[in-house]
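Below: the structure, in structure tokens.
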There are 2 protein chains.
Amino acid sequence: MATIAGQDESCCIPLTAAPITPDDATELSRKFKALADPTRVRLLSLVAAHEGGEACVCDITEPVGLSQPTVSHHLKILVEAGLLAREQRGTWAFYSVVPGALGHLSDVLRDPIARDAGIVAV
Amino acid sequence: MATIAGQDESCCIPLTAAPITPDDATELSRKFKALADPTRVRLLSLVAAHEGGEACVCDITEPVGLSQPTVSHHLKILVEAGLLAREQRGTWAFYSVVPGALGHLSDVLRDPIARDAGIVAV
DNA sequence: GGTCTAGATAGACAACCTTCGATGGAGGAC
DNA sequence: GTCCTCCATCGAAGGTTGTCTATCTAGACC
């Protein structure tokens, strides 16, 4: 049933529009849990803003000021949450943001009433 | 410096547009941490979808199937994260979603490239 | 006053998370 | 082959979190 990277079709209903099902809440909270650490938020941002939209571990370990195993650990959590993708090229492991993964979360959090008035034009 | 409910102006820069500062990452992760539990996601959704956009504890304790103190505990976390507001009316405590709080998070998660093409028209 | 209800707080306990140093494994250079 | 670099995994320590029961506070009502 998944379209891309495990996302199901229930993704596009804003959280505030109707009571979410327990299963969907669990799935959603799994992704938010991946973002519930300042280091992981920084890693995600660093990867996304890096040239080419991808970065290897060595590129982002020093900026966050943590040990390499810890950074590897956090990156794994982001990958398992479906937010980052990992590609091995030679000795290096390149991480990139999964297309649409953050947009999916953005859609779920969008206020269906206030947002319509303020943003959407077409 | 806060505009509404502790939100600062750095809120509107998408996470993926540029490397986030450590302070902003900490602030952001505090809000995501509030959403990092399935029960809290359900509570938020139940409150938002309840008639009038507000609900008392007794309205939402039974649907989530947890004890009343536990629900109170989760609601407090959501309030402290700036996502819910609490108003005491008589014996009841009414909770409602803080206007713009989720929209703020939605904006931060929006992909500045892919989203521009798909949504914004003006 | 006394009693009932709605909800918050306190304390306890198990589970989980973050971080580290040490180690292991795979690929490239020589 | 040997060495070196990049990165993942392992095991452990310390802190944090989710849940409960028991208790407390504050209104409403008689």
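Every chain is numbered from 1, with letters handed out A, B, ... down the list of sequences.
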Rounded to the nearest angstrom, tell me the gap between atom [atom1] in [X] and atom [atom2] in [N].
X	N	atom1	atom2	answer
Glu62(A)	dC6(D)	CD	P	14 Å
Asp37(B)	dA15(C)	CG	P	17 Å
Ile77(A)	dT19(C)	CD1	C1'	11 Å
Leu75(A)	dT19(C)	CG	P	12 Å
Arg89(A)	dG28(C)	CZ	C1'	16 Å
Glu87(A)	dC7(D)	CD	C1'	15 Å
Glu80(A)	dC16(C)	CD	P	15 Å
Trp92(A)	dC4(D)	CH2	C1'	11 Å

Inset, instruction - Select one nucleotide: of dG7(C), dG18(D), dT19(C), the one nearest the side-chain heavy atoms of His74(A). - result: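 The closest nucleotide is dT19(C).
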
Legend entry - Shortest side-chain distance from Lys33(B), nucleotide among dG7(C), dT17(D), dC7(D):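 Selected nucleotide (nearest to the side chain): dT17(D).
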
Inset, instruction - Check the side chains of Thr26(A) and Ser29(A) for a donor-acceptor pair under 3.5 angstrom, ignoring hydrogens and angles. - result: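 No - no donor-acceptor pair under 3.5 Å links their side chains.
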
Is the distance from OP1 or OP2 of [N] to the nearest side-chain N or O of [X] less than 4.0 Å?
X	N	answer
Thr70(A)	dT18(C)	no
Thr91(A)	dT5(D)	no
Ser67(B)	dC20(D)	yes
Arg86(B)	dG7(C)	no
Lys76(A)	dT9(D)	yes
His73(A)	dC10(D)	no

Inset, instruction - Pick base, sugar-phosphate or nothing for Phe94(A), based on heavy-atom distances below 4.0 Å to the nucleic acid. - result: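 Since no nucleic acid heavy atom lies under 4.0 Å of Phe94(A), the category is nothing.
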
Inset, instruction - Tell me what Arg40(B) touches on the nucleic acid: a base, only sugar-phosphate, or nothing, going by heavy atoms under 4.0 Å. - result: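 Answer is sugar-phosphate: Arg40(B) comes under 4.0 Å of backbone atoms only.
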
Inset, instruction - Taking the side chain as every heavy atom from C-beta outward, state whether Leu102(A) and Leu44(A) have any pair of such atoms under 4.5 Å apart. - result: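 Side-chain contact under 4.5 Å: yes.
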
Inset, instruction - Grab the two heavy atoms, one from Lys33(B) and one from Ala36(A), that are nearest each other, plus how far apart they are. - result: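 Heavy atoms only, the tightest pair is CE-O, 3.1 Å.
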
Inset, instruction - For Gly90(A) and for Val71(B), find the nucleotide of DNA chain C with the closest heavy atom, then tell me which residue's nucleotide is more 5'. - result: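 That would be Val71(B).
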
Inset, instruction - Please tell me which of Leu66(A) and Gln88(A) maps to the more 5' nucleotide of DNA chain C, matching each residue to the nucleotide holding its nearest heavy atom. - result: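 Checking each residue's closest nucleotide, the 5'-ward one belongs to Leu66(A).
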
Legend entry - Ser45(A) side-chain N/O to Leu15(B) backbone N/O, donor-acceptor pair under 3.5 Å: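 Between the backbone of Leu15(B) and the side chain of Ser45(A) there is a qualifying donor-acceptor contact (under 3.5 Å).
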
Legend entry - Electrostatic pair Arg86(B):Glu80(B) at N-O distance under 4.0 angstrom: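 Judged by the 4.0 Å cut-off on N to carboxylate O distance, Arg86(B) and Glu80(B) do not form a salt bridge.
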
